[in-house]
Amino acid sequence: MNRVNLKRTLFLNRRQRVRNKLRAVNAGHLRLSVHRSNKNISVQIIDDKQGITLASASSLEKDLGINGKNNVEIARKVGLKIAERAKEAGIERAYFDRGGFLFHGQVKALAEAARENGLQI
């Protein structure tokens, strides 16, 4: 098995492990799901019972005034925006689904910014 396939396999296994544990512990609650790529970061608040997205934010949005690379500051802006949109939708609490991403750097900055702006995760 080459290195690329090994990294991808480890990522997919970690994502399943995180999601299964969160489903068992937080059944019936809303989920704040994060996706990070090399260029962008996006986040959604999902109601798994109904299968709908209630709020979302992304570094691709023009109104955030984000230009350039994906870094911690951009992730912080996206975290503030998702907390603001959650308040508008009447959402106060969601559980944090980091997927297969490590809770470090951009993912951590996004979560902390959302918490600072009043979203309980």
Side-chain angles (χ1 to χ4, degrees):
M1 183 179 281
N2 63 19
R3 183 171 164 78
V4 174
N5 287 339
L6 177 63
K7 284 181 76 171
R8 181 72 179 158
T9 303
L10 291 172
F11 174 83
L12 294 174
N13 289 341
R14 187 168 50 240
R15 181 173 65 185
Q16 282 305 114
R17 185 174 59 242
V18 167
R19 290 235 172 108
N20 288 336
K21 184 171 183 177
L22 288 175
R23 280 190 197 119
V25 173
N26 296 308
H29 292 90
L30 300 177
R31 176 167 57 105
L32 185 104
S33 179
V34 175
H35 179 75
R36 181 182 59 82
S37 71
N38 289 338
K39 293 185 177 182
N40 298 299
I41 189 163
S42 62
V43 61
Q44 301 177 356
I45 297 180
I46 303 168
D47 183 356
D48 287 322
K49 283 185 179 178
Q50 298 177 0
I52 59 173
T53 299
L54 302 172
S56 66
S58 172
S59 62
L60 292 171
E61 297 174 10
K62 302 292 183 196
D63 64 337
L64 290 178
I66 296 171
N67 293 325
K69 299 179 181 178
N70 185 15
N71 60 24
V72 174
E73 289 301 318
I74 292 172
R76 193 168 284 128
K77 287 181 182 179
V78 173
L80 292 173
K81 189 55 117 175
I82 192 66
E84 178 183 308
R85 290 182 181 166
K87 284 181 186 177
E88 291 173 4
I91 300 167
E92 297 177 0
R93 173 178 223 132
Y95 67 88
F96 189 71
D97 179 10
R98 62 183 174 84
F101 303 105
L102 299 176
F103 191 78
H104 176 48
Q106 297 162 3
V107 176
K108 182 178 179 182
L110 187 142
E112 288 175 349
R115 285 184 187 123
E116 289 171 6
N117 211 20
L119 187 62
Q120 295 177 3
I121 54 175

Ion pair check, Glu112 and Arg115, cut-off under 4.0 Å: no
Backbone of Asn40 reached by a side-chain donor or acceptor of Ser37 within 3.5 Å: yes
Whether Asp48 side chain and Gly51 backbone form a donor-acceptor pair below 3.5 Å: no
Main-chain N/O of Ala55 paired to Thr53 side chain as donor or acceptor, under 3.5 Å: no
Check: Glu61 and Leu64 side chains under 4.5 Å, non-hydrogen atoms: yes
Asn117 side-chain N/O to Leu80 backbone N/O, donor-acceptor pair under 3.5 Å: yes
Side-chain heavy-atom pair Ile82, Val78 within 4.5 angstrom cut-off: no
From CA spacing to verdict: side chain to side chain contact (heavy atoms under 4.5 Å, CB included), Asp63, Lys81: CA-CA 10 Å; Asp63 64 337; Lys81 189 55 117 175; 4.0 Å; yes
Tyr95 side, atom OH; Lys21 side, atom NZ - distance, nearest 0.5 Å: 13.5 Å
Contact check, side chains of Gln106 and Arg36, non-hydrogen atoms, under 4.5 Å: yes
Pairing of Glu88 and Arg85 as salt bridge, 4.0 angstrom limit: no
Chi angles and distances behind the side chain to side chain contact (heavy atoms under 4.5 Å, CB included) call for Leu30, Ile46: CA-CA 6 Å; Leu30 300 177; Ile46 303 168; over 6 Å; no
Minimum side-chain heavy-atom gap Arg31-Arg19 below 4.5 Å: yes
Passing candidate, side-chain contact (heavy atoms from CB on, under 4.5 Å) with Arg98, options Val34, Leu110, Val107, Leu22: Val107
Glu73 side chain reached by Arg76 side chain, heavy atoms, under 4.5 Å: yes
Nearest atoms (heavy-atom pairs only) where Ala83 meets Ala114: CB-O, 3.7 Å
Leu102 with Val18, same ILVMFWY side-chain cluster at under 4.5 Å: no
Point-to-point distance, once rounded to the nearest 0.5 Å, from CD1 of Ile45 to CG of Leu54: 7.0 Å
Side chain proximity check, Arg15 to Leu12, heavy atoms < 4.5 angstrom: yes
Side chain Ser59, main chain Ile41, donor-acceptor under 3.5 Å: yes
Same apolar cluster (I L V M F W Y, side chains within < 4.5 Å links), Phe96/Val25: no
Side chain to side chain, Arg14 and Phe101, heavy atoms closer than 4.5 Å: no
